[in-house]
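In what follows, a single structure is set out as structure tokens and then discussed.
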Number of protein chains: 2
Amino acid sequence: MDLERSISALNNPVRRKIVEWLKDRSNFPPALPEHEGLEGVCVGYIQEKANLSQSTISNYMGLLKQAGFVIAERHGQWTFYRRDEDNIKAFFDAVQKELL
Amino acid sequence: MDLERSISALNNPVRRKIVEWLKDRSNFPPALPEHEGLEGVCVGYIQEKANLSQSTISNYMGLLKQAGFVIAERHGQWTFYRRDEDNIKAFFDAVQKELL
DNA sequence: TCCATATATTTAGATATCTCGATATTATGG
DNA sequence: CCATAATATCGAGATATCTAAATATATGGA
């Protein structure tokens, strides 16, 4: 739980939105048939929704992953990102403990 | 509740420390006799503890104030800062609502 | 009024973050 | 193997943040 890194990752409105969007898969287009049953959302869908360049979103997802907010799983050419609920809770606990 | 501004204010280890220190008045030297009964801690004490320049701390306190984490009250030449517990809670609620 | 003290504001150089285009990497299908 | 697609990484210019020194403002006391 690196609070510095986590807060820094959240210090951007689009990155916060992405974490929020990932709460509900239906915020994105339906998965391809061959991806049925896989958890998470691929980078392309996130990029489309965020409307920023591919490299920016890939970078964002890397930051969110390092911060522990999302888990990445590669399947073929796709990387699927999903929330890491346990780490997200741990972050809240840490912030609360430090500040509240 | 400007989440952007609040997270930005917390995106610095010393500023977070200051908010934490202010939880307990005894983290600072005792108040001057003429300040007995006044709430908060003067900028000089905070600066001493943080060990950064006067202008930096003054700037920090301004950011924390704009973000709603502290309340400033001037008494004579001194400005006393104390936590704004209600706003701090509101911040947590907002983050939780958005992310959790 | 003049001076000392506490804090705020201004200014600026150093460093970090943002965002993109270009390129590299990895995987798939023919 | 080649072409294509999805994602990651690199490099760079624009913008923001950090932090301090210098200066300004406000107050209190001699």
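Only this structure's heavy atoms are used, side chains among them; waters, hydrogens and symmetry mates stay out. Protein chains get the first letters and strands the later ones, always in sequence-line order, with residue 1 at the start of each.
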Atom CD of A/Gln66 and atom C1' of D/dT9: how far apart are they, to the nearest Å? 13 Å
Is the backbone of B/Ile71 close enough, under 3.5 Å, to the side chain of B/Arg82 for a donor and an acceptor to pair up by distance? no
Least distance between heavy atoms, B/Cys42 atom then B/Phe80 atom: N-CD2, 3.8 Å
If we ignore angles and hydrogens, is there a donor and acceptor under 3.5 Å between the side chains of B/Thr56 and B/Ser53? yes
Taking A/Ser6 for the side chain and A/Asp2 for the main chain, is one N or O donor matched with an acceptor at less than 3.5 Å? yes
Determine the contact category for B/Leu52: base if any of its heavy atoms lies under 4.0 Å from a base atom, sugar-phosphate if only primed atoms, P, OP1 or OP2 are that close, otherwise nothing. sugar-phosphate
Which heavy atom in A/Ala67 sits nearest to a heavy atom in A/Ala9, and how many Å separate them? CB-CB, 3.6 Å
Measure from the side-chain N and O atoms of A/Arg15 to the backbone N and O of A/Leu10, and report whether any donor-acceptor pair falls under 3.5 Å. no
Between P of C/dA8 and CD of B/Glu73, the distance in whole Å: 13 Å
Looking at D/dA8, I'd like to know if its phosphate oxygens (OP1 or OP2) sit under 4.0 Å from a side-chain N or O belonging to A/Thr79. yes
Please report, rounded to the nearest Å, how far the C1' atom of C/dC18 is from the CD1 atom of A/Ile57. 12 Å
Is there, by distance only and without an angle test, a donor paired with an acceptor across the side chain of A/Gln54 and the base of D/dA6 below 3.5 Å? no
Is the shortest distance from a Lys or Arg side-chain nitrogen in B/Arg16 or A/Glu4 to a carboxylate oxygen in the other one below 4.0 Å? yes
Let me spell it out: for each of A/Arg74 and B/Trp78, pick the nucleotide of DNA chain C with the closest heavy atom. Which residue's pick is nearer the 5' end? B/Trp78
Quick one: B/Phe80 CZ to C/dA6 P, roughly how many Å, whole number? 11 Å
N/O (side chain, A/Tyr81) to phosphate O (OP1/OP2, D/dA8) under 4.0 Å: yes
Taken to the nearest whole Å, CG/A/Asn59 to C1'/D/dA12 is 14 Å
Residues of residues 11-34 of chain A with a heavy atom under 4.0 Å from any atom of DNA chain C, listed by number, are A/Asn11, A/Asn12, A/Arg15
Atom CD1 of B/Ile7 and atom P of C/dT17: how far apart are they, to the nearest Å? 16 Å
Euclidean distance, atom CE of residue B/Met61 to atom P of C/dA8 [Å, nearest integer]: 9 Å
Set of side-chain contact (heavy atoms from CB on, under 4.5 Å) partners for A/Arg25, sequence neighbours left out: A/Phe28, A/Ala31, A/Val41, A/Tyr45
Of the listed C/dA27, C/dC20, D/dA22, the closest approach to the A/Gln77 side chain comes from C/dA27
A/Gln47 side chain to A/Leu52 main-chain N or O, any donor-acceptor pair under 3.5 Å? yes
Which residues in residues 35-51 of chain B have a heavy atom closer than 4.0 Å to any atom of DNA chain C? B/Cys42, B/Val43, B/Gly44
Phosphate-side-chain proximity, A/Thr56 and C/dC20, N/O vs OP1/OP2 below 4.0 Å: yes
